[in-house]
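Notes for the one structure printed next.
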There are 2 protein chains.
Amino acid sequence: MTTPTVQAPRGPVTRKDVARYAGVSTAVVSYVVNGGPKKVAPATEAKVQDAIRRLGYRPNAAARALKLGSSETIGLVIPDNSNPFFSLLAHAVEDAAAELGYALLLTNSDGNLAKELRNVRNLAARQVDGVILSSVLMEPGLTDLESAEIPVVLLNHSAEAPGFNSVGVDLVAGAKSAVEHLIGHGHTSIALAMGTNTGNYYDGREEGWLQALAAAGLPEGPIVRTAFTREGGYAAGKRLLASASRPTAIFATSDLQAVGILRALHEAGVSVPGDIALASFDGSAEAEYSWPPLTTVKQPAKAMADAAVSALIGAHRGHESEQLIFPAELQIRQSCGCP
Amino acid sequence: MTTPTVQAPRGPVTRKDVARYAGVSTAVVSYVVNGGPKKVAPATEAKVQDAIRRLGYRPNAAARALKLGSSETIGLVIPDNSNPFFSLLAHAVEDAAAELGYALLLTNSDGNLAKELRNVRNLAARQVDGVILSSVLMEPGLTDLESAEIPVVLLNHSAEAPGFNSVGVDLVAGAKSAVEHLIGHGHTSIALAMGTNTGNYYDGREEGWLQALAAAGLPEGPIVRTAFTREGGYAAGKRLLASASRPTAIFATSDLQAVGILRALHEAGVSVPGDIALASFDGSAEAEYSWPPLTTVKQPAKAMADAAVSALIGAHRGHESEQLIFPAELQIRQSCGCP
DNA sequence: GTGAAAGCGCTAACAG
DNA sequence: CTGTTAGCGCTTTCAC
């Protein structure tokens, strides 16, 4: 029998078991597990490491969190991770958090204010070290986080939000560039398929569309307001097609809506971009594979996620809150009329 | 001054503060917070509730987790939540978990075995109460979870996995039904665009395709093996188009691949379903909005997620492991040739 | 370089 | 019905 007599410790093995096995104190085990704060003699360290391996010891995160007051976990609240843009964002947030050793508690609010509030509250109760919130509201109610002194950053938030850290995208400039591009193709009647937010605040994309039109001396095209979904876009497309003043181009405020519009257009036998040109916003992967591929304003999801996470983790009490706005870049494909 | 003298407790307020404020013991606070295990006089309860509200008390989840040995959290490991099917699944899992009061720690493995392992390990260390794993492997290495006695269920896992709880879909029957449908349209040369797993085990969808062909006395069409992505499908489409024996129909093992194939077909000017018919697998929302809309085998994501969560939460030690296989239903749209 | 011990916030026996 | 208290597993100060 070469195997040492490891009496299988009943139940999970704790730091105490390791200490006993290695013949040291529990403190020493802590020192080697955490690489500090005290130095340990190489020989002792080896003994401990060996004990850890043999016993299959895994530190208890809950105990650690209790002691340290930090769970090394952050919470993410997004409207819907089935939306390609948000799933991309969520993935990027997870990566950025993991990089720093944080795990991600994901919650969907389904665009529902009550659910958003519930999720935030729940996250606060779970001692997360911070919350990244993509709110349906312009000024989310964050009393729970505030009273728990949990840092927040608003993600995908492009409006003013004094007092909050936020990261968003330049909606106005992004939308403007898309509409200008459509204008460059010779269009003079450009509709807007505007997504409706629960919060119902004024959206920069509408402003950008307006500005581009005005700058070119063009009249306001028709606006149809609809959900930020494929279904919403589909409905918008049909309405636009039926309207007396049928536009020759459409700017949609999300790729998902554009995909819906595309379907409506195809069903009606109108050719894109021949009869009606189309551009949208988000730059999700789906936009690249629609037919025709969508010209879209691409949001730098990865960069935004990184910024949100580091703003959150770096957000030490007393920091000035800052509002980061990233530029969005027009990604030209074929739906606009480019070859 | 009508406001009672609430000396703002420095730092987070604990159960002790509440007890002091309400003039009761900490145990009583516990009883009212948890609704048990002891009864509390209504008057006392009211006092405590009031104290809780006034002080803004929120129980510390870490302490609770430490004491109870349960974090009320489950971990989910999926290949990629940017894949519409997985993002749908993740959303469904989150809903099902939330229903039972559990939060969801989300991790992506990016189809990468090392990352999958790392994520599982990390989740185990975080004292999750269970892990739902959509592994790249047929028989994932779960030593970390086993030694930590953390229950697992394999999700989206349709192969045999003795000893594990698993929930999956009937790949063979699903694929077969799609291919049979294509055969019903008169096709005799039906290609397979087969997704490649890292695990590289035999996939039931290939089997289903084969069976349908054999049952109809048809020769095996060409197979092209490619990634489970839009890009993979695109490459597959081009290869199929270029091959000497160009098929008249294609069965793709995922919607994403079908979307890629669609792009290749459109670019080549071949009409769908006129020149080449197409059917795929998953039933994601994206399939409904492609052009033409995809006939696809729909996986019951919601039901699968529910089953996985209840198998996990209900998974008491000693339970027999069971393997749930859900039927997948053919969703007929236009890409197959139906009007 | 190592160990003893206090205590993080909470639950639930046990005692009154 | 309410209070006292031990202890969950861990970190870290303080003493040796």
Side-chain angles (χ1 to χ4, degrees), chain A residues 9-49 51-52 55-72 124-129 148-150, chain B residues 9-49 51-52 55-72 124-129 148-150:
Chain A
R10 63 191 66 265
V13 12
T14 81
R15 191 215 40 197
K16 208 168 180 176
D17 300 312
V18 174
R20 182 162 32 235
Y21 186 99
V24 299
S25 79
T26 60
V28 173
V29 179
S30 252
Y31 300 153
V32 351
V33 168
N34 303 326
K38 286 279 177 53
K39 281 224 149 307
V40 173
T44 318
E45 159 139 25
K47 265 194 310 188
V48 173
Q49 291 289 15
I52 288 177
L55 264 28
Y57 169 70
R58 229 180 319 287
N60 181 318
R64 187 163 211 278
L66 174 59
K67 183 68 184 172
L68 264 12
S70 154
S71 55
E72 311 250 272
R126 284 173 184 275
Q127 274 38 63
V128 295
D129 294 339
E149 296 185 359
I150 295 176
Chain B
R10 64 191 65 266
V13 13
T14 81
R15 189 214 42 196
K16 208 167 179 175
D17 300 313
V18 175
R20 180 162 35 237
Y21 186 98
V24 299
S25 80
T26 60
V28 172
V29 178
S30 253
Y31 301 153
V32 350
V33 168
N34 303 325
K38 287 278 177 50
K39 281 224 149 307
V40 172
T44 317
E45 157 139 25
K47 265 194 311 189
V48 173
Q49 292 289 17
I52 288 177
L55 263 29
Y57 168 70
R58 229 179 319 284
N60 180 319
R64 187 162 211 279
L66 174 59
K67 181 70 184 173
L68 264 11
S70 155
S71 54
E72 311 252 272
R126 284 172 184 275
Q127 277 33 66
V128 295
D129 293 339
E149 296 184 1
I150 295 176

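This is a predicted model, so every value here is computed, not measured.
- If Leu68(A) and Ala27(B) are placed on DNA chain D by their nearest nucleotide, the residue sitting closer to the 5' end is Ala27(B).
- For Thr26(B), the side-chain atoms get nearest to dT5(D) when compared with the rest of dT2(C), dT5(D), dG7(C).
- Rounding to whole angstrom units, OH of residue Tyr57(A) and P of dG9(D) are separated by 10 Å.
- For Asn34(A), a side-chain nitrogen or oxygen approaches OP1 or OP2 of dT11(D) to under 4.0 Å.
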(request) Starting from the C-alpha separation in whole Å, work towards a yes-or-no answer on side chain to side chain contact (heavy atoms under 4.5 Å, CB included) for Asn60(B) and Leu66(A). (result) CA-CA 8 Å; Asn60(B) 180 319; Leu66(A) 174 59; 4.3 Å; yes

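- If Thr44(B) and Lys67(B) are placed on DNA chain D by their nearest nucleotide, the residue sitting closer to the 5' end is Thr44(B).
- Protein atom CG of Leu66(B) is 13 Å distant from nucleotide atom P of dA12(C), rounded to whole Å.
- Note on Val24(A): only backbone sugar-phosphate atoms sit closer than 4.0 angstrom, heavy atoms only; bases stay farther off.
- The phosphate of dG9(C) has neither OP1 nor OP2 within less than 4.0 Å of any side-chain N or O from Thr14(B).
- Proximity of Arg64(A) to the phosphate of dG9(D): no side-chain N or O atom is located under 4.0 Å from OP1 or OP2.
- Of the candidate nucleotides dT11(D), dT2(D), dG1(C), dT2(D) has the atom nearest to the side chain of Tyr31(B).
- Atom NZ of Lys47(B) is separated from atom C1' of dC1(D) by 12 Å (rounded to the nearest Å).
- Between Arg15(A) and Glu45(A), the residue anchored closer to the 5' end of DNA chain C is Glu45(A), taking for each the nucleotide with the nearest heavy atom.
- Among Val32(B), Val33(B), Val18(B), the one residue that satisfies the side chain to side chain contact (heavy atoms under 4.5 Å, CB included) test with Gln49(B) is Val32(B).
- For the pair Asn60(A) CG and dC8(C) P, the computed distance is 18 Å after rounding to whole Å.
- Atom-to-atom distance recorded for Arg64(A):CZ and Asn34(A):CG is 5.0 Å, nearest 0.5 angstrom.
- Set against dG9(C), dT2(D), dC10(D), the side chain of Ala63(A) has dC10(D) as its closest nucleotide.
- Straight-line distance from the CZ atom of Arg20(B) to the P atom of dC10(C): 13 Å, rounded to whole Å.
- Atom CZ of Arg15(A) is separated from atom CZ of Arg20(A) by 10.5 Å, given to the nearest 0.5 angstrom.
- In this structure, the side chain of Arg126(B) engages the main chain of Glu72(A) through a donor-acceptor pair within 3.5 Å.
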